[in-house]
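This report refers to the structure that appears directly beneath it.
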Amino acid sequence: MDSLVAAGLLVSTLLLFKIKKMSDAVGIIAFQSALLALAAAIMGIKTGLTHLLLAAGLTVAVKTLMIPAILYYTIRKTDARQAVERTSSPHVSLLLATLLLVAGYYVAAHLELPGTEHGQSYLTTSIMLIFLGTFTMIEHKKAIMQAIGLIVIENGLFLVTQSVSYGMPLVVELGIFFDLLVSAAVIAVLSFRIHSTFDSLNTDKMQNLKG
Amino acid sequence: MSVADLAAIWFLAALSWLLIGSITPLLTAGHQPIAKRLAHGSACLGGLCGSLAAILVLVSQTTLVLTAWRIMPGLVWRFQVDALSAFFLLVISVVLVAVAVYSDGYVRKYEQKKNVAYLGALLNGFALSMMAVVTVTSSVTFLIAWEVMSLISFLLVMFEHEKEQVRTAGYIYFVMTHIATAFIILSFLIMFGFTDSIEFMVYQQQLMQLPDGIKNMIFLMCLIGFGTKAGVIPLHIWLPRAHPVAPSSISALMSAVMIKTAIYGLMRILVDFFGGGPAWWGQVLLAAGILSAIWGILLALAENDIKRFLAYSSTENIGIILAGLGTALIFKASEQPVMASLALTAALFHILSHAWFKGLLFMGAGSVLYATHTKNINELGGLIRKMPWTAALFLVGGMALAALPPFSGLISEWLILQSLLHLTFDSSGFWLKIAGALALALLALTGAFAAGGIVKQFGTAFLAMPRTQAAEQATEVPRSMRLGMAILAILLVVGGLWPSGILQLTGSVTNRYFGQLDGTRLLWQPVSTVTGGAADMTVLAGVFILSAVLLFGLLRWKFGRGTVVVDETWNCGTPLTPSMEYTGTSYSHPVLMIFQNMLGINRQVAVEREYPYYPKKISHRLQVQANMEAYLYKPLIAAMLALSQRIRTIQNGNLQNYLAYMVGALVIALIWSR
Amino acid sequence: MASIIALYAIPFLTGLLAGLSKKTQWCEKLQAVGALLTLLTAGHIAVTVWTGQPVTAANDVFYIDALGAFNLFLIALVGFIASIYSVGYMRHELAEQIIGPRQLRFYYAFFHFFILTMLMVSTVNSLGLLWVGIELTTLVSALLVAFYGQSNALEAAWKYLIMGSVGIAFALLGIIFIYLSGMQTLGQQSPALNWTELTQVAAVLNAEWVKLGFIFILVGFGTKAGLAPMHFWLPDAHSQAPSPISAVLSGVLLNTALYGVFRVYAIANVTLAGQASHYLVIFGLLSMAITVPFIMVQHDLKRMLAYSSVEHMGIITLGVGIGGPLGLYGAFLHMFNHSMAKSLLFFTAGSICQHYRSKQMHRISGILKVMPATGAIFLLAAVAITGAPPFNIFLSEITIMMAGFQSGRPWLTVAFVALIVLIFAGMMFYVVKMVFGEAPARVEKMTLDGWSAAALIIPLALVVVCGWVIPPILDSTLYQVSGVLQGAGR
């Protein structure tokens, strides 16, 4: 089950480099977050830790429902064409992403976290997610896609905490979710204003401040 | 009450007056006349009190210490006036008195146009900071005082900041002085690193034991740091720019006094902390000094701007002082303390006389500027009839600069030459003797050029006929300005006629660090052995005077009493016009042509003609390019700016790039941590 | 406890009320009073801590020691000054119709929320909550950076938001690593993110994990603190934000991020037996070096000041990295000094830019002629910020330099001195051009308004006075603050 979830996470992330429409990315994020919640829930049931269940619930609420909704709304309102734009072609970026997966595997193999029994299988996945998320931010030109990359990174981090240490203390966990929600809102607000000012969400247009 | 207490009270009074003088004018800025009086009155009183305190300390050979306040844990602001400090305190205070008196008249030039209260307050603050520089007792407080001095002098240079030229000069000055400070900071930090203390007292005891390499490093840092402030070539580029553009009273203080604080710093570290150091330090100082002297005076010779001339001449005189100091260190290293004392005395004496005559000359130049609104001698002429007092006083300063009797300039230069003669004949080592002889010859040449330079300035500006309307309409300057100049002129005469009095003051400095020297007899012992006792100088002077009288009598006897016929100058029947006069440019042209390649001179002759062979007008333009700037500083700055432009492209506005940099930094840090 | 509640409640309520109030007159005064109250509360807490013991409250959720109190007080102080200055500044913007009353209310509300988030960072015990706080500061201040809503402001805000968020994500990973090593030592269900717990066991934590965690946190929070080469957002954000915000960003937000770094550093350097300091030294020196070309060739006044902030963050980091009682003392003194001098600079620069209607330095000249007081203070602050005596920054810089020599790293110090001289040369070139000379004909003469004058007086006094004497209260505080990191300075 764990490996299935892990595989699902990776494949869905890799799809980010294949898609043509931005709204697809939102779907991927929602799906990914749902898988994450599932993973946490499984772990919660296995270990009997209630706050893992709570985290799973929060993930569903915040990451699968609210944030995708905000992002989807933003995309619908701002960009009619919704096409993604990358620095390199889809094939090249997919290739690079695969290479990053290998690198992530290599790094994870060298990390010897004092983790839990579920740790190792998810650790590799989460490192890969962080790598891919960062790569998404560098690769994609649309502002919204950078937000997507950010959420992928966050998902990776969430997975690390859930799997290796059964989550952070509850207060911190709540704080992180709150932050995530606020940042989605702020990203949405800024995206609206960027779109209305630049008439586009392409970050290539935002290169006036130099030197 | 002991003498030290008395001196302490006077010293405190001096500081207090200057502090009052730097604050109250700003508070009364609404009433400019009151503010002006307050500022100059306080400065004058502060100078008087300071001189008194300094003389008391020097005569009684005591040391006074005042603890002010605690800045930080382990850092206390303290004043200490020992012999060396007192000597420089004297230099500052005396010139300050004259400048304060002079300023009272001079600032009328700015009335209704500029804020005179601000100028007066800065004058006081400037003097205060200079006094602090020479009396503080730890490296950090020294640096604070030093930089306050730089900052205030920068503001003073910028006083007439409406002019583009002033802003450039101010900026270059500010940056150069900051670079100098950086070197000084480093040298102090090295000392701190080895002694774990910032107190001068600890340095006096412990620095001698440093390893040689470290000592040498400190020496080089100090030389660059203080050398820049002193205007030693090739670090002088700020000086001829900044000194001329400041108000003249300030130029006088800067040129006569401020650059001496750098000499103080050098003496404090090299003589007081290191007790002289190895011989090559002295040799380097001597070489730098001679180079500055000869180069400085050559550049000065080319100038047609009185104040720029005086500024370059400051470079020359600092060179002479450094040569004296260097000679002293050489003698000290070869264990000839009396000779070392002689050379140091020469340097100290020259510090005093240069302060006086340079102060006087800058004030004189200021008077000319005040009366005619120009500094260019080619636009002047005939001022001796319009401003007889200024002319006479300027001439006194000029003669002192040219080392002519009976002024103190002669005495100090004579002492320097004397110590170089000793270096030539009494030092050990063939090359040292050669170097001494060479230095002597070059210094003598410098003296000749200096005389030539001052003749050019005085002759062109004050003699002959006015060349412009401005010179025509000049009138004598106000009484306070003349008085200010007169104070220094009198001192120059006193120093020339009664040098033993001054030698007593310098004696308390030299005796402390080097050998005992009988100050009163020193002067009258020309080239002699260590013990002295050769022909008395009074005899020599007597011979000089006697032969002059004899010569005069001989001429009179041979040719009889001449008859003087006063008549118009014959000019082929046409009237005389100012354009026929010899200009400043033409005066220095022959000499400059000899050094054409060295200085980088650009000469343009433009001939305007209507008919061939019959030119209508020939204009001749001579420009000193200053090779040093063209080949040393400009490429450096250009390279730095070009490099900056290249590096700036990393901030290209692309967010993806930024993220990549960030990830790169992370990855490199992670790899490095392995 | 009550004072901590007050500390959170006052800025929150002030922001809320300011956002809701109908009349701008009320809004202005209300927020100024609120800022004052915040300052008083923060001062009260700080004095309690400095004169007594660290404060803990609410079941160890809150923990304020000397370092926290220092940062807290600085935030409240700069916040207060900036809120006073904002009144004059924003009135001008209103009068020029650059903004409307709605934006004004938005501004004041978010200004206080921003202060609140920073206060939160310096009062919490848990590293996780510290992270949450720092992330919140990014989110709130990004909106303030975007305040003017023109293309440049939006661009700056976006870059700030994204770089800040990615950085902070890295930091979270670092915190997870620290958490893991803490749990390994302290046991599963322990509060292994709490600073109080971690310092107890710092010496026996898993070195490998702590090192990894520290690097992630250094890069992550370092991004927020403007350490090179993660500083690229900083000149954009600082130059585009309204000037009072720029002052707060430069004056205390960067400090707050550094506070996060130092907290972790205090643990990591003990665990790693002094190895962590190398990272600080390298990042510090790099931050100083990278600003040189950008200050030497620059067109925008506020960007120049922003780069200067990068430089000073580098100096502080370098000071802490050098360590030792002298280095730490100097570094925290520098933190204080920089906050004062930089807010002074941003305030005066703000007025200047408003009056000249340009941030381009070649369009500004003769400030002394048209705005004598502002020009003089600007010049003074610029001289101070470049580390020239007799102003406060010189004392802290020389202390750090002395620490460098004392710790046997002279070449480091030589580089330090060389860099600040270059920066001085670059900055003064522009400052001299702007301050002196004749003003363009289109610019009229103007006097300083009361609110701005009131705001300038406090930092001005501190910049000048602290150049001559360090007040005893500050002195003892700095000792305590460096005591907190003393374990790190070994």
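Computed from a predicted model, the values in this text were never measured in an experiment. Each chain gets a letter, A, B and so on, in the order the sequences are listed, and its residues count up from 1.
- The local environment of CD in A:Q207 is crowded, with over 12 non-hydrogen atoms from other residues, nucleotides or ligands closer than 6.0 Å.
- Within 6.0 Å of CZ on B:F183 lie no more than 12 heavy atoms contributed by other residues, nucleotides or ligands.
- Heavy atoms closer than 4.5 Å to chain A are found in both the backbone and the side chain of B:N654.
- When heavy atoms are compared at a cutoff of 4.5 Å, A:L209 approaches chain B solely by way of its backbone atoms N, CA, C and O.
- For B:L659, the parts lying under 4.5 angstrom from a heavy atom of chain A are both the backbone and the side chain.
- Between the side chains of A:T87 and B:Q656, not a single donor N or O lies within less than 3.5 Å of an accepting N or O.
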Stepwise side chain to side chain contact (heavy atoms under 4.5 Å, CB included) check, A:Q146 with B:L655
CA-CA 10 Å; A:Q146 291 177 333; B:L655 179 58; 3.4 Å; yes
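- For CZ of A:F192, the number of neighbouring non-hydrogen atoms (other residues, nucleotides, ligands) closer than 6.0 Å is greater than 12.
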